[in-house]
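Read the structure below first, then the notes.
Proteins come first, then strands; the chains are lettered A, B, ... in the order of their sequence lines, and each starts at number 1.
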Number of protein chains: 2
Amino acid sequence: MIEAAPNPVTTVIRALADPTRRAVFERVFESTEISVAELTRGSGVTQGAISQHLKSLKQAGLVAERAEGRNVYYRAAPQGLEPLVSWMDHYGVFWRERFQNLRDLLKEIDP
Amino acid sequence: MIEAAPNPVTTVIRALADPTRRAVFERVFESTEISVAELTRGSGVTQGAISQHLKSLKQAGLVAERAEGRNVYYRAAPQGLEPLVSWMDHYGVFWRERFQNLRDLLKEIDP
DNA sequence: CCAATAAATTAGTATTGACTAATGCATTAG
DNA sequence: CTAATGCATTAGTCAATACTAATTTATTGG
């Protein structure tokens with residue numbers, strides 16, 4: 001028992017901490033669905049590396065996959081960001097900084 | 001020149017990725033001001049380690065310091081979280097998830 | 001059936017990074 | 001002045017991790 005399962009915030013932040021892996025997440029997010037081969041193209045790293053990054057992202061709950069034939073299509077799971085959102089929210093960043101903007105925005109929408 | 005200065009998002013996320021360092025940030029945030037010695041107490045690591053973590057946090061713009069005599073007092077700089085907020089915001093997490101709650105909240109405040 | 005393609009996994013390597021112990025450098029107390 | 005305290009920095013260690021190259025397992029096109 002040297003395990004001590006890291007909390008969800010740590011898992012999510014660490015998954016996003018590596019620039020290459022974060023770029024993978026961003027590309028997945030921007031597409032509805034994207035295959036590993038396509039993610040590999042233009043990534044600058046090997047297919048194996050991409051698969052490893054996808055595994056981390058999946059474990060962090062940030063992506064989900066769908067296998068079809070010999071392809072595997074990945075899609076973003078933004079709910080996976082929730083632990084990070086909550087953590088930041090707890091530190092009060094959002095409301096205090098964005099409250100006024102949002103208030104204005106809502107006035108326009110629903111005056 | 002193997003440098004290639006990492007972008008602010010990377011700097012901030014990486015600063016928060018380590019649980020010990022994040023705990024330091026949290027303690028700094030919770031106090032108005034706190035000295036290195038006090039941060040060291042109950043941290044489970046040495047004073048040197050704390051100083052190193054504070055250096056990372058400072059470089060990330062997450063804390064600021066004030067020297068007084070032989071003490072150095074640290075305080076949180078939540079604006080340092082902005083790159084991360086923007087990054088997440090760009091991926092649409094906040095409005096979509098919190099819009100309804102906030103709308104209700106604003107209705108109560110300003111009906 | 002067979003060659004080719006997609007993706008995951010594995011073993012090995014090099015780098016980074018968190019830590020300690022020790023030292024250095026001010027500043028304050030006696 | 002001298003000892004003690006607070007903090008930063010340094011050098012060295014060990015573990016984690018990002019990567020490649022190679023292999024493995026499926027699946028599909030000719």
Which residues satisfy the side-chain contact (heavy atoms from CB on, under 4.5 Å) test with [X], sequence neighbours excluded?
X: S31(A); result: I34(A)
X: S35(A); result: A37(A), E38(A), Y73(A)
X: A77(A); result: Q79(A)

Which pairs count as salt bridge (charged side-chain N to carboxylate O under 4.0 Å, His left out) when at least one residue sits in residues 58-70 of chain A, sequence neighbours excluded?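 Every pair satisfying salt bridge (charged side-chain N to carboxylate O under 4.0 Å, His left out) with a residue in residues 58-70 of chain A: E33(A)-R66(A), K58(A)-E65(A), R66(A)-E68(A).
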Would you mind listing every salt bridge (charged side-chain N to carboxylate O under 4.0 Å, His left out) that reaches into residues 7-18 of chain A, with sequence neighbours excluded?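 Applying salt bridge (charged side-chain N to carboxylate O under 4.0 Å, His left out) to every pair that reaches into residues 7-18 of chain A, excluding sequence neighbours, yields nothing.
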So which protein N/O to nucleotides 14-17 of chain C N/O distances come out below 3.5 Å?
unit_1	atom_1	unit_2	atom_2	d
dG17(C)	OP1	R14(B)	NH2	2.1

Give me the distances for all protein-to-nucleotides 7-14 of chain D N/O pairs that come in under 3.5 Å?
unit_1	atom_1	unit_2	atom_2	d
dC7(D)	OP1	V36(B)	N	3.2
dC7(D)	OP1	V72(B)	N	3.1
dC7(D)	OP1	V72(B)	O	3.4
dC7(D)	OP2	A37(B)	N	2.4
dA8(D)	OP1	Y74(B)	OH	2.7
dA8(D)	OP2	S51(B)	OG	2.5
dA8(D)	N7	Q47(B)	NE2	2.8
dA8(D)	N6	Q47(B)	OE1	3.2
dT10(D)	O4	Q52(B)	NE2	3.0

Side-chain (R22(A)) to main-chain (L16(A)) donor-acceptor, under 3.5 angstrom: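 Judged by distance alone, yes, a pair lies under 3.5 Å.
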Could you check whether any side-chain N or O of R21(A) sits under 3.5 Å from a backbone N or O of H53(A), counting only pairs where one atom can act as donor and the other as acceptor?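 Side chain of R21(A) to backbone of H53(A), a donor-acceptor pair under 3.5 Å: no, none is there.
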Atom pair distance, as rounded to whole Å: CD1 in I13(A) and P in dT17(D):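 Spelled out: CD1 on I13(A) to P on dT17(D) is 14 Å.
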Please determine whether a side-chain nitrogen or oxygen atom of H53(B) lies at a distance below 4.0 Å from atom OP1 or OP2 of dC19(C).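 For H53(B), the contact criterion (side-chain N or O under 4.0 Å from OP1 or OP2 of dC19(C)) is met.
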Below 4.0 angstrom from OP1 or OP2 of dC19(C), is there any side-chain N or O of T20(B)?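 It does, given that an N or O in the side chain of T20(B) lies less than 4.0 Å from OP1 or OP2 of dC19(C).
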The criterion is side chain to side chain donor-acceptor pair (under 3.5 Å); which residues satisfy it with S51(A), sequence neighbours excluded?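 Partners of S51(A) under the side chain to side chain donor-acceptor pair (under 3.5 Å) test: Q47(A).
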